[in-house]
Amino acid sequence: MCREMDEIYNEGIEIGLEKGKMEMKQETVLSMANLGMPVEQIAAVVKESVGMVQKWISEGKAAV
C-alpha cells in the first residue's frame, strides 16, 4: 500500500512539473510575440509546432 501511495504521489509531482514547464513555455511564446518575433521563429526556439504557438498567442491575447 505504501508503494502505491508513493507512486501516486510521484505521478502527481511529475504531472505538476510538466504543467509548469508548459505554462512557462506559453509565457515565453507570448513575450516573444509581444516583441514582434515571427511565429515560425518562436516555434523553432520553443520547439513546438507553428500551430501550437499560434494557438497560445491567440489564447494569450484573449486573456489580456
Side-chain angles (χ1 to χ4, degrees):
M1 182 71 169
C2 193
R3 277 191 190 155
E4 290 175 10
M5 294 300 289
D6 284 342
E7 287 178 26
I8 291 170
Y9 175 80
N10 289 333
E11 281 181 32
I13 295 291
E14 288 178 29
I15 290 169
L17 289 172
E18 288 301 315
K19 184 177 178 186
K21 286 179 188 177
M22 190 61 64
E23 288 173 358
M24 291 271 301
K25 204 179 265 194
Q26 290 171 337
E27 289 177 20
T28 301
V29 164
L30 291 175
S31 294
M32 295 169 114
N34 287 334
L35 291 172
M37 287 183 70
V39 173
E40 294 80 9
Q41 192 173 19
I42 296 170
V45 170
V46 297
K47 295 179 174 74
E48 288 289 341
S49 70
V50 170
M52 182 60 72
V53 169
Q54 289 173 328
K55 179 182 176 203
W56 290 342
I57 291 170
S58 66
E59 288 173 354
K61 288 181 180 175
V64 172

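Values below: all heavy atoms of this structure, side chains included; hydrogens, waters and symmetry mates excluded.
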Trainee: In terms of heavy-atom contacts, does CE of M37 have more than 12 from other residues, nucleotides or ligands at under 6.0 Å?
Mentor: yes
Trainee: Once you round to the nearest 0.5 Å, how far does OG of S31 lie from CD of E27?
Mentor: 7.0 Å
Trainee: Less than 4.0 Å between a side-chain N and a carboxylate O, is that true for E59 and K55?
Mentor: yes
Trainee: Looking at side-chain heavy atoms only, is the closest gap between M5 and C2 below 4.5 Å?
Mentor: no
Trainee: Measuring from T28:OG1 to E23:CD, what's the distance to the nearest 0.5 Å?
Mentor: 11.5 Å
Trainee: Apply side chain to side chain contact (heavy atoms under 4.5 Å, CB included) to W56 and M22, showing your working.
Mentor: CA-CA 11 Å; W56 290 342; M22 190 61 64; 3.2 Å; yes
Trainee: Show the nearest heavy-atom pair for residues V46 and K25, with the distance to one decimal.
Mentor: O-NZ, 3.2 Å
Trainee: What is the distance from atom CD of Q26 to atom CD of E48, rounded to the nearest 0.5 Å?
Mentor: 9.0 Å
Trainee: When rounded to the nearest 0.5 angstrom, what distance separates CD1 in I57 from CG in N34?
Mentor: 8.5 Å
Trainee: Between A33 and I42, what is the shortest heavy-atom contact and its length?
Mentor: N-CD1, 3.6 Å
Trainee: Enter the distance from K19:NZ to M24:CE here, rounded to the nearest 0.5 Å.
Mentor: 15.0 Å
